[in-house]
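Input: a single structure, listed below in structure tokens.
Count residues from 1 along the sequence.
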Amino acid sequence: QENEGEKTFIEIVATPGASSTVKMQIHMSTTDANGKKTTLPTAQIVAIENQPAKLMQANSDGSENFSLSVIATSKRIAN
């Protein structure tokens with residue numbers, strides 16, 4: 001996402017969880033117009049496979065600043 005010269009990058013690393021769940025680590029960073037990178041706090045959620053999961057960040061007044069919705073699926077590799 002790009003907004004007024006600032007770019008936001010999101011990386012999601014998913015690993016299988018217990019009993020039809022997927023553990024996701026969400027890494028976010030921003031890069032300003034001058035190229036300075038800022039790493040934001042990492043979030044971690046556990047979601048039920050094939051069900052929507054939403055991560056939301058709120059401003060100090062409680063209004064929504066950012067939200068990300070994902071549906072976790074897993075790929076099984078056959079031997």
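- One finds the OG1 atom of T38 at 6.5 Å from the CG atom of D32 (value rounded to the nearest 0.5 Å).
- From T30, atom OG1 reaches atom NZ of K36 across 9.0 Å, with rounding to the nearest 0.5 Å.
- When the side chain to side chain contact (heavy atoms under 4.5 Å, CB included) test is applied to I48, the partners found at least two apart in sequence or on another chain are Q51.
- A distance of 11.0 Å separates CD in E11 from CD1 in I26, rounded to the nearest 0.5 Å.
- Taking 4.5 Å as the limit, some side-chain heavy atom of V70 sits within range of a side-chain heavy atom of M24.
- Tracing side-chain contacts under 4.5 Å through hydrophobic residues (I, L, V, M, F, W, Y), one never reaches V13 starting from V46; they form parts of separate clusters.
- Side-chain contact check for Q44 versus K23: some heavy-atom pair is nearer than 4.5 Å.
- A distance of 8.0 Å separates NZ of K37 from CZ of F9, quoted to the nearest 0.5 Å.
- The two residues A14 and V22 have their closest heavy-atom pair at CB-CG1, 3.7 Å.
- Counting heavy atoms from C-beta outward, T8 and M28 have side chains that approach closer than 4.5 Å.
- Looking at D61, its side chain does come within 3.5 Å of a backbone N or O of S63 through a donor-acceptor pair.
- Contact between A18 and T21 at its shortest, heavy atoms only, is O-OG1, 2.6 Å.
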